[in-house]
Amino acid sequence: MVSIVLPCYDHGKYVKDAIESVLNQTYTDFELFVFDNGSTDDSWKVIQEIEDPRMVKVKLEHNDLLEVKKQFIAMASGGHFAIMHSDDIWKREKLEKQIKFLDENKNARVCFTWSAYVDEELESIEGMEDFFKEYNKPEKGWWDAFFSRANHLSCPSFLCEREIYIKYFGKLYPYRQIADFYCWMKILEETNIYIVEEVLVNQRVHYQGYNKNESSKTFENINRESMELKYIMYDIIDNMDDETFINNCCDLEEDRCCLDHMDVMCKKFFFFLNRCAVYTNEYENVVRYYNSHFAHEENGHVFYQFLDEQYGFSRNDFFAYEGNDGNSVNMLRSRIMRWAKLENTDFSTINYPGSISIYGCGQIGKIFGKKVMPYCHVQQFIDANPKISVYDGIPVVTLEQANIDAGSIIVVIPTYDLPQIIENIKIAHKQIADKNIISFDDLVNTGERIDDRF
């Protein structure tokens, strides 16, 4: 039997559909615990109106997820536990296919499925179709995915052995936005992760804080997520045992058997240093790790001296790094503001040319394309390293392959290294002038001047 927990806070609009998607599962040997978590809307009234012998209803006075977990663990009797959200939808075969997968894969103790990111009306969100599409992989593959892409596992698709849930979810963490991601990594330290490679969950995402959903793309949530990710990465790596770190975080060509604990400490320092080159907001992890372990001593070696003698990174190197503000440039602020601009800009008010090309085919570029397609022709997406050849019927090409003439208008999505991107466009296509190139930020910030240009 499977025990399912479904906490609800101010989701009266959605909770009935969420509950019924569980009750209508083709796999029927389950119990469902629905908690009204101190809602201020009609959630509890909606929950009370649903009757099913497999359903237990609990009303809490305050919004307290830890109390939900404690009561759920105390009452649940299933050998497996599952998590459901009060605004999401399970497809009817979700549990059946997961239980079948676990039966056929005896080593599997946790199991996810693919999920579709959808909006309020359960419509697919363009540009995010593959966000929760992770494939099965060995343990090192999961660590690589977590370190490079963070969390692409869907919480309402999660099913695990009872003991796993109690061990990792039955406690309070100092994280709100991505506590589930922290749990995925802690679980991975114990056992591998498995996926039913099929979309069996519709997971809603709400924009601008609507319905108080923690996945809302608000400034506060995105900023909090970035902060938490930084601290989670530090926590995981700093506390990771040597064997796990060596097997999953060290270069394959390296003779890893020769590394002792002090070597691993140095490798962890360089792990943070290398991450910061890509994720600039993790700058302080480098400083924190060096300062925290600076005087650590074992087997006649002191960490800062060993780092210098064996790996050539001296105190002066650290001081030079610490004083380099260039490494702490916060790319996050740009990402947050672009999300807000996508949601808050009325793209119908801009006087577009007949056709534009969009430089950048990431999530922002794709969603921007969808926003402007009703008002002008999008000729092509231009991307430095295209991962697809066509998106929504529009070609995705390299800069060299792009069809550009002297009258082309190119909207540049990335904000990092914008002058270099503009220079690269002008070098590849000498007929292009500055007036032909406009940044995404200028397009949404200075519409009147843009209209004059067009």
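Only this structure's heavy atoms are used, side chains among them; waters, hydrogens and symmetry mates stay out.
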Student: Compute whether any side-chain donor of one residue and acceptor of the other, for H293 and D238, lie under 3.5 angstrom apart.
Tutor: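 Distance-only check passes for H293 and D238.
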Student: Do the non-hydrogen side-chain atoms of K91 and V199 ever get within less than 4.5 Å of each other?
Tutor: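 Yes, their side chains come closer than 4.5 Å.
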Student: Give me the atom names and distance for the closest heavy-atom approach of N24 to R92.
Tutor: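 N24 and R92 have their closest heavy atoms at O-NE, 3.1 Å.
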Student: Can you tell me if K371 has over 12 outside heavy atoms packed within less than 6.0 Å of its NZ?
Tutor: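 Check passes, neighbour count above 12.
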Student: Using the ring of each side chain (for Trp, its six-membered ring), is F272 parallel, tilted or perpendicular to Y289, with breaks at 30° and 60°?
Tutor: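 Judged by the thresholds at 30° and 60°, the geometry between F272 and Y289 is tilted.
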Student: Using a strict cut-off of less than 4.0 Å between a Lys/Arg side-chain nitrogen and an Asp/Glu carboxylate oxygen, indicate whether D392 and K370 qualify as a salt bridge.
Tutor: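 Looking at K370 together with D392, the answer is yes, because their closest N to O distance falls below 4.0 Å.
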Student: Considering non-hydrogen atoms only, spot the tightest contact between S154 and S115 and give its length.
Tutor: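 That closest heavy-atom pairing would be OG-OG, 2.7 Å.
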Student: I'd like to know whether Q380 forms a side-chain hydrogen bond (donor to acceptor under 3.5 Å, both in side chains) with S357, so could you lay out the CA-CA distance, the side-chain angles of the two residues, the decisive distance to 0.1 Å, and finally the verdict.
Tutor: CA-CA 5 Å; Q380 59 202 333; S357 296; 2.9 Å; yes
Student: Taking all non-hydrogen atoms of both residues into account, name the closest pair between L399 and N424 and its distance.
Tutor: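 Scanning both residues, the minimum pair turns out to be CD2-O, 3.4 Å.
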Student: Counting C-beta onward and ignoring hydrogens, is there a side-chain heavy-atom pair between T113 and L159 closer than 4.5 Å?
Tutor: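 A side-chain contact is absent here, since even the closest heavy-atom pair is not under 4.5 Å.
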Student: For N316 and S314, what are the C-alpha separation, side-chain angles and deciding distance, and is it a side-chain hydrogen bond (donor to acceptor under 3.5 Å, both in side chains)?
Tutor: CA-CA 5 Å; N316 287 335; S314 67; 5.1 Å; no
Student: Taking the side chain as everything from C-beta on, heavy atoms only, tell me whether E197 gets closer than 4.5 Å to N136.
Tutor: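 Yes, their side chains come closer than 4.5 Å.
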Student: Are any non-hydrogen side-chain atoms of L307 and Y290 less than 4.5 angstrom apart?
Tutor: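 A side-chain contact exists here, since the closest heavy-atom pair is under 4.5 Å.
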Student: Could you go step by step and tell me if E282 and K230 meet the salt bridge (Lys or Arg N to Asp or Glu O under 4.0 Å) rule?
Tutor: CA-CA 6 Å; E282 295 187 22; K230 172 173 60 180; over 6 Å; no
Student: Parallel, tilted or perpendicular for F440 and F368, by the 30°/60° rule?
Tutor: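 It falls in the perpendicular class, over 60°.
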Student: Heavy atoms only: give me the nearest G407-N436 pair and the separation to one decimal.
Tutor: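 What the structure gives for the nearest pair is C-ND2, 3.9 Å.
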Student: Looking at K426 and D434, is any side-chain nitrogen of the basic one under 4.0 Å from a carboxylate oxygen of the acidic one?
Tutor: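 Judged by the 4.0 Å cut-off on N to carboxylate O distance, D434 and K426 do form a salt bridge.
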Student: Show your reasoning for whether side-chain contact (heavy atoms from CB on, under 4.5 Å) applies to T398 and D383.
Tutor: CA-CA 5 Å; T398 65; D383 203 89; over 6 Å; no
Student: Look only at the side chain of N151 and the backbone of L153, and say whether a donor-acceptor pair between them is shorter than 3.5 Å.
Tutor: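 Yes; at least one donor-acceptor contact below 3.5 Å.
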Student: I'd like to know if the side chain of D130 reaches the main chain of K133, judged simply by a donor and an acceptor atom lying under 3.5 Å from each other, with no hydrogens or angles considered.
Tutor: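 Judged by distance alone, no pair lies under 3.5 Å.
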Student: Using modelled atom types and a 3.5 Å cut-off, is there a donor and acceptor pairing between side-chain atoms of N202 and backbone atoms of D88?
Tutor: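 Not at all, since once roles are kept as given, no pair shorter than 3.5 Å links the two residues.
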Student: Hey, what's the ring geometry for F158 with F169, parallel, tilted or perpendicular (30° and 60° as the breaks)?
Tutor: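 Ring orientation of F158 relative to F169: tilted.
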Student: So does E228 pair up with R176, basic N to acidic O under 4.0 Å?
Tutor: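 Judged by the 4.0 Å cut-off on N to carboxylate O distance, E228 and R176 do not form a salt bridge.
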Student: What are the two closest non-hydrogen atoms of M84 and A18, and how far apart are they?
Tutor: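 Closest heavy-atom pair between M84 and A18: CE-O, 3.8 Å.
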Student: Is the shortest side-chain heavy-atom distance between Y165 and V5 below 4.5 Å?
Tutor: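 Yes - at least one pair of side-chain heavy atoms lies under 4.5 Å apart.
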Student: Taking NZ, NE, NH1 and NH2 as the nitrogens, is one of them in E198 or K97 under 4.0 Å from a carboxylate oxygen of the other?
Tutor: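 Answer for the salt bridge query: yes.
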Student: Side chains of T349 and D346: any donor to acceptor distance under 3.5 Å?
Tutor: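 The criterion, which ignores hydrogens and geometry beyond distance, is not satisfied for T349 and D346.
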Student: Within the side chain of D442, is there an N or O that forms a donor-acceptor pair under 3.5 Å with the backbone of I438?
Tutor: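 Answer holds: no.
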Student: Check for a donor-acceptor pair, side chain of K341 on one end and backbone N or O of V444 on the other, with a separation under 3.5 Å.
Tutor: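 Not a single qualifying donor-acceptor pair exists.
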Student: Does anything in residues 378-415 form a ring pair (Phe, Tyr, Trp, His ring centres under 6.0 Å)? List the pairs, not counting sequence neighbours.
Tutor: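 Sorted pair list: F381-Y391.
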Student: Under a 4.5 Å cut-off applied to non-hydrogen side-chain atoms, are V34 and I4 in contact?
Tutor: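 Of all side-chain heavy-atom pairs linking I4 with V34, none is under 4.5 Å.
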Student: Indicate whether any N or O donor in one side chain lies under 3.5 Å from an N or O acceptor in the other, for S439 and D441.
Tutor: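 Absent: no donor and acceptor within the cut-off.
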Student: Within 45° of the six-membered ring axis of W143 and under 6.0 Å from that ring's centre, is NZ or CZ of K140 located there?
Tutor: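 Judged by the rule, K140 and W143 form no cation-pi pair.
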Student: Would you say the side-chain atoms of E93 and T26 include a donor-acceptor pair closer than 3.5 Å?
Tutor: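 Not at all, the side chains of E93 and T26 share no donor-acceptor pair under 3.5 Å.
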Student: Taking the side chain as C-beta and beyond, is there a heavy-atom pair between Y321 and V286 under 4.5 Å?
Tutor: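 Yes - at least one pair of side-chain heavy atoms lies under 4.5 Å apart.
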Student: Would you call the rings of F81 and F72 parallel, tilted or perpendicular if under 30° counts as parallel and over 60° as perpendicular?
Tutor: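 Geometry flag for F72 against F81: tilted rings.
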Student: Who passes salt bridge (charged side-chain N to carboxylate O under 4.0 Å, His left out) against R109, sequence neighbours left out?
Tutor: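 Salt bridge (charged side-chain N to carboxylate O under 4.0 Å, His left out) list for R109, sorted by chain: E161, E190.
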Student: Would you call the rings of F313 and F270 parallel, tilted or perpendicular, taking 30° and 60° as the class edges?
Tutor: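 F313 and F270: perpendicular rings.
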Student: Closer than 4.0 angstrom, basic N to acidic O: yes or no for D42 and K13?
Tutor: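 Looking at D42 and K13, the cut-off is not met.
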Student: Under the salt bridge (charged side-chain N to carboxylate O under 4.0 Å, His left out) rule, collect the residues that match up with K186, sequence neighbours excluded.
Tutor: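 Expected list: E189.
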Student: Quick check: does any side chain N or O of N37 sit under 3.5 Å from a backbone N or O of Y9, one acting as donor and the other as acceptor?
Tutor: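 No; judged by distance alone, with no hydrogens or angles, the pair does not exist.
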Student: Counting only N and O atoms by type, is there a donor-acceptor contact under 3.5 Å from the side chain of T345 to the main-chain atoms of L342?
Tutor: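 Answer holds: no.
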Student: Do the charged groups of E96 and K100 touch, with an N to O distance under 4.0 Å?
Tutor: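 No, E96 and K100 are not salt-bridged.
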Student: Please answer whether the main-chain N or O of N403 pairs with a side-chain N or O of Q379 as donor and acceptor at a distance below 3.5 Å.
Tutor: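 Side chain of Q379 to backbone of N403, a donor-acceptor pair under 3.5 Å: yes, one is there.
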Student: Going by atom types alone, do D405 and Q431 pair a side-chain donor with an acceptor below 3.5 Å?
Tutor: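 The answer is no; no qualifying pair exists.
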Student: Test your reading of the model: is there a side-chain donor-acceptor pair from W90 to the backbone of P156, 3.5 Å cut-off?
Tutor: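 Indeed, once roles are kept as given, a pair shorter than 3.5 Å links the two residues.
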Student: So do the side chains of I432 and S408 get within less than 4.5 Å of each other, counting heavy atoms only?
Tutor: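 A side-chain contact under 4.5 Å exists here.
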Student: Between the main-chain N or O of S39 and the side-chain N or O of S43, is there a donor-acceptor pair closer than 3.5 Å?
Tutor: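 Not a single qualifying donor-acceptor pair exists.
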Student: Just to verify, which of W114, F112, Y117 counts as forming a ring-ring contact (aromatic ring centres under 6.0 Å, His included) with F132?
Tutor: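 With F132 as partner, W114, F112, Y117 yield a single ring-ring contact (aromatic ring centres under 6.0 Å, His included), made by Y117.
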